[in-house]
Amino acid sequence: MNEHQDNISDRESFEQEQNELTKRRIAELEELKKLGLNPYTYSFDVDSCSTDILQTFKDDAPQREVSVAGRIVSLRRMGKASFCHIRDSKGKIQLYLKRDDIGPAYDHFKLMDLGDIIGVRGIVFRTKTGEVSIHAKSLDLLAKSIRPLPVVKEKVDEQGNKMVYDPFSDKELRYRQRYVDLVVNPDVREVFVKRAKVVGSVRRFLDERGYLEVETPVLQPIYGGAAARPFITHHNALDFDFYLRISDELYLKRLIVGGFEGVYEISKDFRNEGMDKSHNPEFTMLELYVSYKDYNWMMDLVEKMIHSVALTVTGGARVKVGENGIDFTPPWKRITMLDSIREITGEDLAGKSEDELAAIAKKHRVEVERSMGAGKIIDAIFSGLVEPMLIQPTFITDYPIEMSPLAKRHRSKPGLVERFELMCNGHELANAFSELNDPLDQRSRFEDQAKLKARGDEEAMVIDEDFLRALEYGMPPTAGLGIGIDRLTMVLTDRESIRDVIFFPQMKPEK
RNA sequence: GGGGCCGUAGCUCAGUGGUAGAGCAUCUGCCUUUUAAGCAGAGGGUCGUUGGUUCGAUCCCAACCGGCCUCACCA
């Protein structure tokens, strides 16, 4: 089938799919064209926005003429006069349209619907019932809507509680048609405005300290920097399979080798793993590397940074997340991983063999597999039993060396590395370490990973010879950090699903 | 991948082994300060898809598609 035929059949199915509501609106659109209107105009001069008008209105001030534009979201026609609300990027405002005032445009208005985008010029006034509104002098249709939006009605009772009638609540529709969700559910917009503030305030915090924002490859010949399965893609001209990055780490450290003393990147990583309410296949990661610093210094920085982000985004250091109140005021608890396991389970895992660890895991109904090394078993015990209990921001420090192949050996505790994870609301929010900069040690750690891979661990890291070559030239002592921006946003906006902080969460394709 | 729940009008939902109903939205009429506007009337559905059982399926059964929750896996 050629493209032309495709287009024809697409058009046929489009026409068949039309329901009564859409057909009616297309008929109205034709009617408006006959009246000489262009239903899809090119521009409109807007000089005010809804919330500014509402906030600055004074009953005793001189009359003020404004020009606003937005989408019709409610409509009350009363014969020769009508009220409607339009929604613009900041909020809603009511319009009052009277036939005697706008003349023929009132007949045009009769052909308009919920969802149409209009521009109005008029006088700000207060109605009998007290709502600040715009008394229209002119009305322009800017874009006709031919597909009916869900109609969500609200009522604010005397206590100021907002009641929502007929909410648009089907999660599948909300995620697949986020544009509708955003039009109809204003709190969704708020979440994403906050998300932008999270990213903005992180960036400002790091820029102020002189760290350089950089970009590194998404398409990588060798993936690395984390334990995860990658997506594979194919480059046609090179006839070579590339991996979508699972982390920025190894490239950012190459830049530290190159002499930058502080670099960071905020970008998408991709992991080819299960999806649930805290995992999306593509997600946003902040990574930061600072020379001549260690993980202790990094803990101080993370406390300051997230505290400042919380202040910027929520206006305070205390944040309500579900049933919990989380307080980001520094300092936060710092406890070693093994101590935290001992505190919660009573088990001392220090110096235990792989078999002993497996037995302890089994005792606490934590599943382990044969391919797991000692490090992975400890991690399984930790994530299964301890992690969910950590609600207040807590630094878990000093991880087993086997599960941290890129982290530097602990300066005083054999078998451990200088690594911390920030836990909050039962999830990992950040991961950081004193970076391993000994090229020979790094090589042997990669070799250990290769052995795990041979045992069937699909997430074990692969040897990156170019990265080793970089380390061989010499990398200064460095502290490195990764923060999941989506999860940080979840905490700061009180959303329990990552899908609620990503505009277009991954879904199976329709049909 | 396992288990549970779900898919009925544009939206939110009810319902029945004899091809369906409500509220809002839509349409017609009335209405020049309404606000979940109101009053009177009307139209609108391949009941997720495909099979099976049955005289007959939207309902019972199976598979599939999609979603949510949960466990597993996983940052």
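Naming convention: chains lettered A, B, ... in sequence-line order (proteins, then strands); numbering from 1 in each chain. Quick caveat: nothing in here was measured; it's all calculated off a predicted structure.
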Could you work out, with ring pair (Phe, Tyr, Trp, His ring centres under 6.0 Å) as the rule, every residue matching [X], not counting sequence neighbours?
X	value
A:F504	none
A:Y175	none
A:F395	A:W332, A:F420
A:F192	A:F503

Provide the distance between the two [atom1] atoms, one in [N] and one in [M], to the nearest whole Å.
N	M	atom1	value
B:C30	B:A36	P	25 Å
B:U58	B:G45	C1'	11 Å
B:G7	B:C61	P	13 Å
B:U70	B:C11	P	26 Å
B:A42	B:C55	P	40 Å
B:G51	B:C65	C1'	14 Å
B:U16	B:C27	P	33 Å
B:A57	B:G67	P	30 Å

State which of B:C73, B:G66, B:C74 makes the closest approach to the side chain of A:R229. B:C73

Side chain of A:M507 only, please: which of B:C74, B:C68, B:C27 is the nearest? B:C68

Specify the separation, in whole Å, of atom [atom1] of [X] and atom [atom2] of [N].
X	N	atom1	atom2	answer
A:H427	B:C74	NE2	C1'	13 Å
A:Q177	B:G67	CD	C1'	14 Å
A:I72	B:U26	CD1	C1'	15 Å
A:K110	B:U28	NZ	P	11 Å
A:I146	B:U26	CD1	P	17 Å
A:M163	B:G23	CE	P	19 Å
A:H279	B:A72	NE2	P	13 Å
A:R176	B:C11	CZ	P	14 Å

Establish, with yes or no, whether the OP1 or OP2 oxygen of B:U26 is under 4.0 angstrom from a side-chain nitrogen or oxygen of A:R24. no

With a 4.0 Å limit, can you tell me whether A:K508 has a side-chain N or O closer than that to the phosphate oxygens OP1/OP2 of B:G66? yes

By side chain to side chain contact (heavy atoms under 4.5 Å, CB included), which residues pair with [X], not counting sequence neighbours?
X	answer
A:K153	A:V151, A:Y165
A:V132	A:L54, A:F57, A:V124, A:R126
A:P281	A:F231, A:M275, A:Q506

When we call it a touch if two heavy atoms are under 4.0 Å apart, what does [X] touch: a base, just sugar-phosphate, or nothing?
X	value
A:E496	nothing
A:R499	sugar-phosphate
A:S82	nothing
A:L149	nothing
A:A226	nothing

Assign each of A:D170 and A:R487 the nucleotide of RNA chain B bearing its closest heavy atom; nearer the 5' end lies the nucleotide of A:D170

Return whichever of A:Y175 or A:F168 has its heavy-atom-nearest nucleotide of RNA chain B closer to the 5' end. A:F168

Report, one pair per line, the protein and nucleotides 42-48 of chain B atoms (nitrogen or oxygen only) whose separation is under 3.5 Å.
{"from": "B:G43", "atom 1": "N2", "to": "A:E20", "atom 2": "OE1", "distance (Å)": "3.2"}

Grab the two heavy atoms, one from A:E265 and one from A:R245, that are nearest each other, plus how far apart they are. OE2-NH1, 3.3 Å

To check you understand the geometry: which heavy-atom pair defines the closest contact between A:T493 and A:V501, and what is its length? OG1-CG1, 3.8 Å

Applying side chain to side chain donor-acceptor pair (under 3.5 Å) to A:H108 and not counting sequence neighbours gives none

Main chain of A:R229, side chain of A:N272: is a donor-acceptor contact present, judged purely on distance under 3.5 Å? no

Counting N and O atoms only, with roles assigned by atom type, does the side chain of A:T489 sit under 3.5 Å from a partner on the main chain of A:R487, one being a donor and the other an acceptor? no

From A:I134 atom CD1 to A:I53 atom CD1, the distance as rounded to the nearest 0.5 Å: 4.0 Å

Read 5' to 3' with Watson-Crick or G-U pairs under 3.5 Å, [ ] for crossing pairs and | for partners on another strand, RNA chain B gives (((((((..((((....[..)))).(((((.......))))).....(((((..]....))))))))))))....

Using the test salt bridge (charged side-chain N to carboxylate O under 4.0 Å, His left out), find all partners of A:E273 that sit at least two apart in sequence or belong to another chain. none

Could you run through nucleotides 30-41 of chain B and give me one letter per nucleotide, 5' to 3': B if any protein heavy atom sits under 4.0 Å from the base, S if only the sugar-phosphate is that close, - if neither? -BBBBBBB----

